[in-house]
Number of protein chains: 2
Amino acid sequence: MTLRLLRYFVAVAEELHLARAADRLGIEQSPVSRAMRDLERLLGVSLFDRSARQTRLTWAGQVLLGEARRVLATVDQAVQATKETLHNPPRTLDVMR
Amino acid sequence: MTLRLLRYFVAVAEELHLARAADRLGIEQSPVSRAMRDLERLLGVSLFDRSARQTRLTWAGQVLLGEARRVLATVDQAVQATKETLHNPPRTLDVMR
DNA sequence: TAGCCTTACGGCATACGTAAGTATA
DNA sequence: TATACTTACGTATGCCGTAAGGCTA
């Protein structure tokens with residue numbers, strides 16, 4: 001699993017349209033389509049219902065959308081918390097030992 | 001940020017030794033060293049204290065270790081929860097609309 | 001046939017391994 | 001000098017864009 005696949009998936013799941021998702025991601029449709037295929041293969045589940053004219057989420061897709069948002073939020077927090085150590089030094093001197 | 005950098009970092013932070021971390025990851029020392037350098041540049045903070053003979057975590061490194069573990073746990077849960085939708089179908093039929 | 005997604009292919013960027021280099025105790 | 005981390009360089013893998021292909025209303 002990679003964050004790239006999760007980021008692409010959230011964009012597609014929210015837009016329900018590959019071209020718009022690709023626009024939002026600043027890339028072309030093609031890599032987005034391939035990424036969704038790769039993600040489905042990786043997880044072994046269908047994330048989208050492509051039978052209809054419009055793209056829709058399967059149940060697995062709905063579950064992953066919530067989970068992926070949590071992952072990305074956790075990543076953002078990890079980056080922020082680490083950067084903020086510059087301004088919030090440890091209270092005691094021996095925490096680094 | 002990538003999961004690869006976080007996975008490598010957790011290995012190094014837990015082993016406090018690049019060769020052992022590399023062994024655990026199934027790769028060579030060299031890419032691990034480069035990854036840690038890249039991660040520090042990305043975050044703009046020092047994660048390791050390299051002045052001593054042994055590798056030690058800075059305060060920022062200790063904070064990131066906890067955060068990175070949370071991220072990786074969240075990812076595992078995301079994958080599991082999505083895969084389990086195959087055995088736990090939605091209770092109602094209209095959740096996919 | 002118009003709109004949307006997918007596949008093929010070539011090029012670029014990223015990541016690895018080997019091996020040489022640097023530093024410290 | 002032994003141990004551990006870093007840097008240089010060539011190769012392999014991964015990801016992207018362009019363009020062609022397929023499908024459905």
Side-chain angles (χ1 to χ4, degrees), chain A residues 1-58 60-62 64-65 68 71-72 75 79 96-97, chain B residues 1-58 60-62 64-65 68 71-72 75 79 96-97:
Chain A
M1 177 59 68
T2 66
L3 292 180
R4 169 183 156 269
L5 289 178
L6 294 180
R7 292 189 181 109
Y8 288 12
F9 171 74
V10 169
V12 174
E14 287 179 355
E15 299 290 343
L16 293 177
H17 191 273
L18 264 70
R20 284 196 297 269
D23 258 14
R24 207 169 106 178
L25 294 167
I27 61 176
E28 297 300 318
Q29 293 183 33
S30 175
V32 178
S33 173
R34 284 184 301 238
M36 295 306 97
R37 172 176 53 76
D38 294 346
L39 187 56
E40 287 178 316
R41 286 181 183 172
L42 181 72
L43 294 171
V45 301
S46 288
L47 299 172
F48 305 99
D49 177 5
R50 299 171 174 84
S51 65
R53 187 156 172 69
Q54 57 182 344
T55 298
R56 297 193 306 181
L57 286 179
T58 62
Q62 295 193 22
L64 181 58
L65 177 55
V71 169
L72 298 181
V75 170
V79 172
M96 287 174 54
R97 288 183 193 156
Chain B
M1 178 60 66
T2 67
L3 291 179
R4 169 183 158 269
L5 289 178
L6 294 180
R7 292 189 181 109
Y8 288 13
F9 171 75
V10 170
V12 174
E14 287 180 355
E15 299 290 343
L16 292 178
H17 192 272
L18 264 70
R20 284 195 298 269
D23 258 13
R24 208 170 105 179
L25 294 167
I27 61 176
E28 297 299 318
Q29 294 184 31
S30 175
V32 178
S33 173
R34 284 184 301 238
M36 295 306 96
R37 172 175 53 76
D38 294 345
L39 187 55
E40 288 178 314
R41 286 181 183 170
L42 182 70
L43 294 171
V45 301
S46 287
L47 298 171
F48 304 99
D49 177 5
R50 298 171 173 82
S51 64
R53 187 157 172 69
Q54 57 181 349
T55 298
R56 297 194 306 181
L57 287 178
T58 62
Q62 295 195 22
L64 182 59
L65 177 56
V71 169
L72 299 180
V75 170
V79 171
M96 286 174 54
R97 287 181 193 154

Give the intermediate values and the outcome of salt bridge (Lys or Arg N to Asp or Glu O under 4.0 Å) for residues B/Glu40 and B/Arg34. CA-CA 10 Å; B/Glu40 288 178 314; B/Arg34 284 184 301 238; over 6 Å; no
Without decimals, in angstroms, what is the distance between B/Arg37 CZ and D/dA8 C1'? 11 Å
Heavy-atom closest pair (A/Leu5 atom, A/Met36 atom, distance to 0.1 Å) is O-CE, 4.0 Å
Would you mind reading off the distance between B/Glu15 atom CD and D/dT3 atom C1', rounded to a whole angstrom? 17 Å
A/Arg20 CZ to C/dC5 C1', straight-line distance once rounded to whole Å: 13 Å
Can you build the contact string for nucleotides 11-22 of chain D? Use B for base contact, S for sugar-phosphate-only contact, and - for no protein heavy atom under 4.0 Å. ----SBBB----
What is the separation between atom CG on B/Asp23 and atom P on D/dT3, rounded to the nearest whole Å? 16 Å
When rounded to whole Å, the NE2 to P distance for the pair B/His17 and D/dA2 reads 16 Å
Spacing between B/Leu39 atom CG and D/dT6 atom C1', to the nearest angstrom: 16 Å
Take the protein atom CG of B/Leu18 and the nucleotide atom C1' of C/dC16, then report the distance between them rounded to whole Å. 15 Å
Partner of A/Leu64 under side chain to side chain contact (heavy atoms under 4.5 Å, CB included), picked from A/Leu6, A/Thr58, A/Leu57, A/Val45, is A/Leu6
Closest contact, heavy atoms only, B/Arg7 versus B/Leu25: O-CD2, 4.3 Å
Nearest to the side chain of B/Arg50 - D/dC5, C/dT6, D/dT6? D/dT6
Expressed in angstrom and rounded to an integer, what is the separation of B/Met36 atom CE from D/dT7 atom C1'? 16 Å
Answer yes or no: does a side-chain N or O of A/Thr55 lie under 4.0 Å from OP1 or OP2 of C/dC5? yes
What is the minimum heavy-atom distance between B/Gly61 and B/Phe9, and which atoms define it? O-CZ, 3.3 Å
Got a donor-acceptor contact below 3.5 angstrom from the B/Arg20 side chain to the B/Glu15 backbone? yes
